[in-house]
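So that the names make sense, note that chain A is the first sequence line, chain B the second, and so on, each numbered from 1.
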2 protein chains.
Amino acid sequence: MTSIRALPTLTAPVEDYLKVIFELEAGDGVAGTNEIAAELGVAPASVSGMVRRLAEHGLITHERYRGVHLTKAGRRAALRTIRRHRVIEAYLTRALGYPWDLVHDEAERLEHAASDELIDRMAAAIGEPTTDPHGAPIPTREGTLDEPELLPLAAVEVGVRVRVQRVGDRDAEQLRYLAELGITPGRQIEVLSRAPFEGPISLRIGRVTKTIGPGLAKQILVAVR
Amino acid sequence: MTSIRALPTLTAPVEDYLKVIFELEAGDGVAGTNEIAAELGVAPASVSGMVRRLAEHGLITHERYRGVHLTKAGRRAALRTIRRHRVIEAYLTRALGYPWDLVHDEAERLEHAASDELIDRMAAAIGEPTTDPHGAPIPTREGTLDEPELLPLAAVEVGVRVRVQRVGDRDAEQLRYLAELGITPGRQIEVLSRAPFEGPISLRIGRVTKTIGPGLAKQILVAVR
DNA sequence: AGACAGAGTTAGTCTTGCCTAACTTATTCC
DNA sequence: GGAATAAGTTAGGCAAGACTAACTCTGTCT
């Protein structure tokens, strides 16, 4: 059985690199040095150094000047970290009443320190959640992750009713704003109008109408119907 | 107000050194290089190096070849870490059903990653505990710690009835054994007999009689009556 | 095709925290 | 009081991760 467990202990920076590479690969298909550096708030040269080490440890493959890919082991480690992160987020909000704009930073630190045992107990305590508070799916213990196909709200046609499934979790202020608007996972909304040239979008949320910018609308992932 | 909060961020090793120095100072009155090294599982030379850095940062004072003492800032940082550790232990057992022999190791890692916010929420969630699962008192948010005067069970005279207040938390196997014997904080026990020359000690625990060695008896701290 | 911008890499340095080996100081014991 | 022993320190290294500055690819645009 391929388990997400029983990996050699990785340092916190290594776990962070793998997590970021996983996410970039899922988006672009490839993770570039500068992208990784930007995501981690680190100089590109530092990434080159780490990439060499990660490749030596068999966690990624690296084509010079081309980009990096996770190996099976790397992917496994990345998913383990992502599972930890999301379970912690879910636990903090559901069991400790943590506001959803603060859980990300807390989880960012705890994910490197919590044992698998603790993660499992947290998950069990809140009924084995399948998503985190921002709607991101939680990888299983076994290392599988099913990412449903979602549409950014920015791409939804006028008149269509959609259901919010997931929102960006990085920016605490943005999360507070979304909560204020009532845009949280599970919420039904309808696109009332869209200004041309990437202009603002009018939405019906419950009984009220709100207008948001196109940048924010890209951070809101929805499913049609 | 002198708060336990608002300290510069310290690295995990630094927090560990301060914690250990605090505990050794509480015991011996002075913390020696070799003691610190043994406690942390590190070479004495490494301690000398760290001691220099801690002194430079004003967390300890150091008399060469004599030993170290915490400064006020150092003591504050140590108590903050100890509070975190003990709140985490208490939370894990009371809220997540963690067995008491496992909480120490988990807390050892989480104490460096948890925010003050999280620690406060955990403490609130379980009713502001005053001791950890092994009976150790939890420092307050403000950095005060009241350590009651306790007697090792090894020093109790025959015929005296005592109440278990606190047990050593380092050794998981010892904790499992104590649990099996029924020796947990709050438990009433009576010393039935003591063999001379640091020999075994017979105890009445509830309705049963058990005999323990003198080493274990030193790890059990009690209050008379 | 050639030049240029942008992405990526190398070289060299720094800090933290650890190690071993060799040295120094303090203490204790005859 | 002087030697043995324990405790503590210095010297010299190493690995991880970060940085800046300087270099080299790659790919695009004309």
Glu39(B) meets the side-chain hydrogen bond (donor to acceptor under 3.5 Å, both in side chains) criterion, sequence neighbours left out, with Arg170(B)
In numerical order, the residues of residues 22-29 of chain B whose heavy atoms come under 4.0 Å of DNA chain C are none
Rounded to whole Å, CZ of Arg66(B) lies from P of dG8(D) at a distance of 11 Å
Counting the benzene-type ring for Trp, do His104(B) and His134(B) have ring centres under 6.0 Å apart?
no
Original post:
Would you say Arg53(B)'s side chain and Val14(B)'s backbone share a donor-acceptor pair under 3.5 angstrom?
Top reply: no
Taking five pairs at each terminus, the helix from dA1(C)-dT30(D) to dC30(C)-dG1(D) shows an axis bend, to 10°, of 10°
Rounded to whole Å, the CD-P distance (Glu56(B) to dG17(C)) equals 12 Å
Query raised in the report: So, are Arg83(A) and Asp132(A) salt-bridged, with charged N and O less than 4.0 Å apart?
Result: no
In whole angstroms, the gap separating P of dG8(D) from CD1 of Ile60(B) amounts to 13 Å
Rounded to whole Å, the CG-P distance (Leu59(B) to dT16(C)) equals 13 Å
Expected string for nucleotides 1-7 of chain C under the B/S/- scheme (protein heavy atoms, under 4.0 Å, primed atoms plus P, OP1, OP2 as sugar-phosphate) is ------S
Sequence neighbours excluded, the answer for ring-ring contact (aromatic ring centres under 6.0 Å, His included) partners of His112(A) is none
Rounded to whole Å, the CG-C1' distance (Leu40(B) to dC19(C)) equals 15 Å
Rounded to whole Å, the CZ-C1' distance (Arg52(A) to dT9(C)) equals 10 Å
For nucleotides 11-20 of chain D, 5' to 3', base contacts (B), sugar-phosphate-only contacts (S) and non-contacts (-) with protein non-hydrogen atoms under 4.0 Å give -----SBSBB
Residues 29-60 of chain A vs ring pair (Phe, Tyr, Trp, His ring centres under 6.0 Å), sequence neighbours excluded, gives none
Salt bridge (charged side-chain N to carboxylate O under 4.0 Å, His left out) pairs touching residues 90-108 of chain A, sequence neighbours excluded, are Lys19(A)-Glu108(A), Asp101(A)-Arg176(A), Glu106(A)-Arg109(A)
| query | Sub-3.5 Å donor-acceptor pair from the side chain of Arg194(B) to the main-chain atoms of Val156(B), do we have one? | reply | yes
Hey, can you pull the donor-acceptor pairs under 3.5 Å for the side chains in residues 66-74 of chain B, sequence neighbours left out?
| unit_1 | atom_1 | unit_2 | atom_2 | d |
| --- | --- | --- | --- | --- |
| His69(B) | ND1 | Glu25(B) | OE2 | 2.6 |
| Thr71(B) | OG1 | Gly58(B) | O | 2.7 |
| Thr71(B) | OG1 | Leu59(B) | O | 3.1 |
| Thr71(B) | OG1 | Ala73(B) | N | 3.4 |
| Thr71(B) | OG1 | Gly74(B) | N | 3.1 |

Sorted by chain and residue number, the side-chain hydrogen bond (donor to acceptor under 3.5 Å, both in side chains) partners of Arg84(A) (sequence neighbours excluded) come out as Asp116(A)
Residues passing the side-chain hydrogen bond (donor to acceptor under 3.5 Å, both in side chains) test with Arg121(A), sequence neighbours excluded, are Glu117(A)
When rounded to whole Å, the CZ to C1' distance for the pair Arg64(B) and dT27(C) reads 17 Å
Residues at least two apart in sequence or cross-chain that pass side-chain hydrogen bond (donor to acceptor under 3.5 Å, both in side chains) with Thr130(A), listed by chain then number, are none
_Is His62(B) close enough to dT9(D) that one of its side-chain N or O atoms is under 4.0 Å from OP1 or OP2 there?_
yes
Note to self: Could you check whether any side-chain N or O of Trp100(A) sits under 3.5 Å from a backbone N or O of Thr93(A), counting only pairs where one atom can act as donor and the other as acceptor?
What the structure shows: no
